[in-house]
Trainee: 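One structure follows; several queries about it will come next.
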Amino acid sequence: MPISSGFKRAAAAIAGAAAIVLALAGCTPAKSVEIDMPTQVEGAFPADTQTQLESAVNFAMAATGSTGAIVGVWAPWSGSWVAGVGDASVDDVFRVGDLTRPMICDVLYEMVDAGTVSLDDEVRTYVPSVAGLSGVTLGMLCDGTSGLGSYGAVLQDDAIGLPAREWNAAELAAYGITGFDPATAGAAWRDSDTGYVLLGLALENAGSQSASALLDEHVFAPLGLSRTSLPGRTAAKPGQPSLTGLLSQPGPDGAMNCAEPRDMTTMSSSFGFTNAGVVSTIADVGRYTQALAAGSFGGEERFASPMLVSPDQPSWLTATGGAFQAGSLIGQFGSVPGYITASFADPTTGMTVSVVLNNSAASDLVGAYLAWELASIASKAPAASGQSTPDAGLPWTAQQYHDAIAAAAVCPLPAS
């Protein structure tokens with residue numbers, strides 16, 4: 001549990017043992033990152049809140065054709081719920097999808113602090129093959145304002161059809177570069193997987209380390225995320241044990257075949273790389289999202305100048321620093337073949353919601369919808385004994401995003 005006293009005791013014991021080993025070896029201890037969040041009260045949510053949370057997850061599972069889901073909801077003043085639902089366990093490893101984006105941005109900010117790179121450095125300084133991207137900086141790649149297009153839209157069917165294929169990151173980037181719009185560079189947010197792949201390549205070259213090693217050194221190890229990694233290129237399951245990843249596809253009649261989904265558990269993470277390649281567990285994801293929201297990497301200035309996602313989205317949904325800001329929440333959402341994921345945290349109240357659904361047939365927005373529905377429910381949870389409910393609210397209702405999930409359903413919904 002990301003901020004429970006039990007987690008802190010375990011982390012302290014591990015850190016102490018690590019310090020002894022390092023001292024004996026004559027090494028400098030690795031950096032440790034503290035997360036400035038309210039202390040989590042022990043215990044479960046009140047029964048009514050718990051029932052609402054479970055109902056929301058079960059409904060989203062039906063809407064997406066998922067046989068399993070893993071969820072973590074933490075409200076420091078009230079309680080927590082961390083569980084595997086259906087064919088899932090809280091110990092299962094899964095692909096986190098777009099939550100990889102803020103992680104590679106964390107590496108960027110750490111390397112900026114170390115003086116290795118600058119946010120204003122042009123990407124072509126470190127990736128000579130993109131010499132035509134004049135004026136596109138590392139900071140723009142992180143913020144999603146590079147003007148670059150998407151490789152996923154072009155290659156997704158190939159990735160699904162050939163899950164074991166090992167993709168070259170430069171090849172992936174080349175597809176997105178063809179959609180480069182210099183007029184929007186630095187001026188507007190655009191959902192560009194290419195930007196985060198290029199950022200990974202640039203930081204690899206600048207730091208003379210693999211992206212996997214950079215993430216371990218600057219993010220995963222300092223936060224104690226022992227079950228989080230960017231795997232190698234060889235096709236494999238996310239980890240042991242793994243959450244089975246599924247993909248329902250249309251049958252011969254054109255209707256979605258929800259009864260016989262395709263197994264996408266074993267796949268090469270190279271298709272996601274530093275855009276969507278990381279694997280993790282729900283506990284690690286919850287802890288990471290709290291660190292992200294708390295400004296543990298890059299400080300408050302990282303999220304100080306967010307941009308609207310699009311004119312047809314609510315004004316409270318903005319993006320910068322590799323993450324979305326949804327009202328008071330900071331996090332990410334997305335999907336990769338087999339998994340829909342979302343994770344958000346409130347830096348003031350500490351409320352955190354992390355979810356994964358194990359069928360990616362529906363829109364990745366369903367992950368965000370479910371996280372926001374759960375957040376709305378949890379935000380209204382009554383305070384435990386000795387606690388007080390924070391004076392904060394969200395600019396949406398649980399019913400609003402319950403209805404949005406129903407509208408986005410690709411599989412039969414349960415009877416009302």
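Keep in mind that what you see is a predicted model, and the values were worked out from it rather than measured.
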Trainee: Checking E204 now: which residues fulfil salt bridge (Lys or Arg N to Asp or Glu O under 4.0 Å) with it, not counting sequence neighbours?
Mentor: none
Trainee: Atom CD of Q400 and atom OH of Y369: how far apart are they, to the nearest 0.5 Å?
Mentor: 9.5 Å
Trainee: CD of E373 to CG of L394: how many Å apart, nearest 0.5 Å?
Mentor: 12.5 Å
Trainee: Applying side-chain contact (heavy atoms from CB on, under 4.5 Å), can you list everything that pairs with P250, at least two apart in sequence or on another chain?
Mentor: M256
Trainee: Please list all pairs meeting ring-ring contact (aromatic ring centres under 6.0 Å, His included) that have one or both residues in residues 313-343, counting only residues at least two apart or in different chains.
Mentor: W189-F324, W316-W372, W316-W396, F324-F333
Trainee: What residues, two or more places apart in sequence or in another chain, satisfy side-chain contact (heavy atoms from CB on, under 4.5 Å) together with S242?
Mentor: K237, P238, T265
Trainee: Does any pair with a residue in residues 251-260 pass side-chain hydrogen bond (donor to acceptor under 3.5 Å, both in side chains), and if so which ones, sequence neighbours excluded?
Mentor: N257-E260
Trainee: Enumerate the residue pairs fulfilling salt bridge (Lys or Arg N to Asp or Glu O under 4.0 Å) with a member in residues 325-335, sequence neighbours excluded, ordered by first and then second residue.
Mentor: none
Trainee: Between V82 and W74, does the side-chain contact (heavy atoms from CB on, under 4.5 Å) criterion hold? Intermediate values first, please.
Mentor: CA-CA 8 Å; V82 185; W74 297 269; 3.6 Å; yes
Trainee: For a side-chain hydrogen bond (donor to acceptor under 3.5 Å, both in side chains) check, start with the C-alpha distance between T67 and N358, then their side-chain angles and the critical distance, and finish with the verdict.
Mentor: CA-CA 7 Å; T67 63; N358 79 332; 3.0 Å; yes
Trainee: Pairs in or reaching into residues 94-111: which pass side-chain hydrogen bond (donor to acceptor under 3.5 Å, both in side chains), with residues at least two apart or in two chains?
Mentor: K31-E110, R95-S269, R101-D191, R101-N275, D106-Y288, D106-R302
Trainee: Name all residues meeting the side-chain contact (heavy atoms from CB on, under 4.5 Å) criterion together with D403; count only those two or more places apart in sequence or in a different chain, and write none if there are none.
Mentor: Q399
Trainee: Looking at CG of L230 and CG of L214, how far apart are the two atoms once the value is rounded to the nearest 0.5 Å?
Mentor: 10.0 Å
Trainee: Measuring from L243:CG to L357:CG, what's the distance to the nearest 0.5 Å?
Mentor: 9.5 Å
Trainee: Which pairs with one or both residues in residues 138-150 pass side-chain hydrogen bond (donor to acceptor under 3.5 Å, both in side chains), sequence neighbours excluded?
Mentor: D143-T320, S150-D193
Trainee: Considering residues at least two apart in sequence or located in another chain, which fulfil the side-chain contact (heavy atoms from CB on, under 4.5 Å) criterion with V127?
Mentor: V123, S129, V130, L198, L201, A202, N205
Trainee: Only pairs under 3.5 Å count here: list side-chain donor-acceptor contacts from residues 153-167, not counting sequence neighbours, and write none if there are none.
Mentor:
residue : atom : partner : partner atom : Å
R165    : NH2  : E171    : OE1          : 3.4
R165    : NH2  : E171    : OE2          : 3.0

Trainee: Around atom OH of Y175, are there more than 12 heavy atoms from other residues, nucleotides or ligands closer than 6.0 Å?
Mentor: no
Trainee: Rounded to the nearest 0.5 Å, how far apart are CE of M111 and CD of Q209?
Mentor: 7.5 Å
Trainee: What side-chain hydrogen bond (donor to acceptor under 3.5 Å, both in side chains) pairs are there with at least one residue in residues 291-301, not counting sequence neighbours?
Mentor: none
Trainee: What's the spacing between S66 OG and N359 CG if we round to 0.5 Å?
Mentor: 5.0 Å
